There are 2 protein chains.
Amino acid sequence: MSQSFRWPEILDIAQREGKVSVERLAAHFGVTTQTIRRDLSDLADAGKLERVHGGAILPSSVSNIGYEMRRGLHAEEKARIAAACAAQIPDDISLFLNIGTTTEAVAQNLLHHKNLLVVTNNINVATILAANPNCEIILAGGQLRRADGGLVGKLTSDAVAQFKFDLAVIGCSAIDSEGDMLDFDIQEVGVSQTIISQSRRAFLVADRSKFTRSAPAKITTLSQIDALFTDHPLDAPLAALCRDWGLATHIIPPSSTGA
Amino acid sequence: MSQSFRWPEILDIAQREGKVSVERLAAHFGVTTQTIRRDLSDLADAGKLERVHGGAILPSSVSNIGYEMRRGLHAEEKARIAAACAAQIPDDISLFLNIGTTTEAVAQNLLHHKNLLVVTNNINVATILAANPNCEIILAGGQLRRADGGLVGKLTSDAVAQFKFDLAVIGCSAIDSEGDMLDFDIQEVGVSQTIISQSRRAFLVADRSKFTRSAPAKITTLSQIDALFTDHPLDAPLAALCRDWGLATHIIPPSSTGA
DNA sequence: CCAAAAATGAATATTTTTGAAGATTATTAT
DNA sequence: ATAATAATCTTCAAAAATATTCATTTTTGG
């Protein structure tokens, strides 16, 4: 898809007024609402705008509702994965939690652990774990990504590099059939790589949707991971790879108490 | 469910006024109360608001009641001080905001500034300013102090040392009669000193209560500060010192519109 | 110039949002 | 406590917005 000459002006109006309406844009450009809708969809796909009924608004214009709703997606699966993962985390260790809704769910399940040193680049994880008094929290600095409360960039990698963790619990955007872990943001990839290299052990938490998506930037391969927590059995080829790598795969099925 | 045009504005009003009423929102948007109720439910589901009979309020941040109360203390004075301070802050600069309820109030007043680069070691400032899309936010890492959401320690100082700010807006725990700025936490003092040394200009925001307290650790003297914002005239001796140091003192009195 | 690709508009089917009416629940005053 | 009032929830139909499909126009590359 190439881009339309209207795009810059739509974005300009959105910047100025905070929002754009389909009707007004159609009148403004002298095209049908159909065409404007296509423009807005494209701009939303490109992450430039957030689509709403009747028009579009600036992404994260007030605070990221998209993320809050995404958190609700697969919430049950995530909660189960998180509980199983947290059950494998002992007390009295140093721990890293990275960006992602699933790692946030893990944090929720660590509220009753004792004597943890938790380092994170996720502002939400920090606020969640603040409720656990038996837990020292260190936030790695960096540029705040409004989309998900993540901290990324060189500052973050530098901060992470100063630690050595007993365990890292990480999420990623996608996992491909060859067992490569992928992410959308190249800056986050750098951070994740540093985390893994600074950890004695690493757990990956990923709901099944991660196995059917793709993303452009490679973090590492599953061979670098010690345990995988997910909610659905892996495809045979991938499962074989994991066996070869000695990866402990914990499958926590959708709903044992049948719904 | 997709989101609505109204959501950002509802959240904006909630931010400004602390609460929203169903009736008033319905009138404001020209829709029925039913529709507003749906909006408020959705926003509450997303964790952005807390539902109450007749409207909604800002969600009570789970932890730290003590801090919330302290924030309420001298709230009016702080709001006036913050507004006056923010009025002196231009667009298009790099800016540091440190720990403290008054600097958080300043952050509230920066929501409509353009093109700021804000660095902070205060997790609350970061979440407040996340609502301003024209503002890049960098969080200096460090150990999380639950008491006030502050980040302190060597990691913080190291991060701060990598920047040079056009302006620093800082608070402190106490100011003594000799014009020394004091703090309770020695770790925070180190950070504050680094901040001041890395800034071209520095503003101090401090309500009157700071001038009658004491604290053990010295940050620096007022002679290093360019402008002071407070709500009550200084004692004559201290005022004289400030004059000698060329410190611009902005006194914003309790209530000009007589109460 | 022509053919392929892309953009647009129109028509229709689908989904989402909205307001209205009645049932239910919470709050207030007695 | 109990009744009166206000707010909320539930359900459903109308309206609005959107997605989908296909024909038409415009652009692009040979």
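Below, chain A is the first sequence line, B the second, and so on; all start at residue 1. Heavy atoms only: backbone and side chains are in, while hydrogens, waters and symmetry mates are out. None of these values were measured; they are calculated from a predicted model.
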Margin query: Rounded to whole Å, please give me the gap between CH2 in A/W7 and C1' in C/dA7.
Written below: 12 Å
Notebook entry, point to check: Would you say A/K210 has more than 12 foreign heavy atoms packed within less than 6.0 Å of its NZ?
Noted result: yes
Next item on the list: Fit a plane to each ring of A/F229 and A/F203, take the angle between them on a 0 to 90° scale, and name the class: parallel (under 30°), tilted (30 to 60°) or perpendicular (over 60°).
Entry: tilted
Margin query: Please determine whether a side-chain nitrogen or oxygen atom of A/R6 lies at a distance below 4.0 Å from atom OP1 or OP2 of C/dT8.
Written below: yes
Next item on the list: Identify whether the distance between the nearest side-chain nitrogen and carboxylate oxygen of A/E188 and A/R145 falls below 4.0 Å.
Entry: yes
Notebook entry, point to check: Under 4.0 Å: is that the gap between some side-chain N or O of A/T35 and OP1 or OP2 of C/dG9?
Noted result: yes
Checklist line | For B/T32, all residues meeting side-chain contact (heavy atoms from CB on, under 4.5 Å), sequence neighbours excluded | finding: B/Q34, B/T35
Notebook entry, point to check: Atom CZ of A/F5 to atom P of D/dT26: distance rounded to whole Å?
Noted result: 14 Å
Note to self: Could you work out, with salt bridge (Lys or Arg N to Asp or Glu O under 4.0 Å) as the rule, every residue matching A/K154, not counting sequence neighbours?
What the structure shows: A/D158
Item checked: A/D45 CG - D/dT18 P separation (whole Å) -> 14 Å
Notebook entry, point to check: Is A/D231 reaching over with its side chain to a backbone N or O of A/I251, donor-acceptor style, under 3.5 angstrom?
Noted result: no
Note to self: Distance check needed: C/dT18 P versus B/L40 CG, whole Å only.
What the structure shows: 13 Å
Next item on the list: Sugar-phosphate atoms are those with a prime plus P, OP1 and OP2; base atoms are the rest. Using that split, label each nucleotide of nucleotides 8-17 of chain D B, S or - for protein heavy atoms under 4.0 Å, 5' to 3'.
Entry: BBBB-----S
Next item on the list: Take B/I36 and A/G30, find for each the nucleotide of DNA chain C with the closest heavy atom, and name the residue whose nucleotide sits nearer the 5' end.
Entry: A/G30
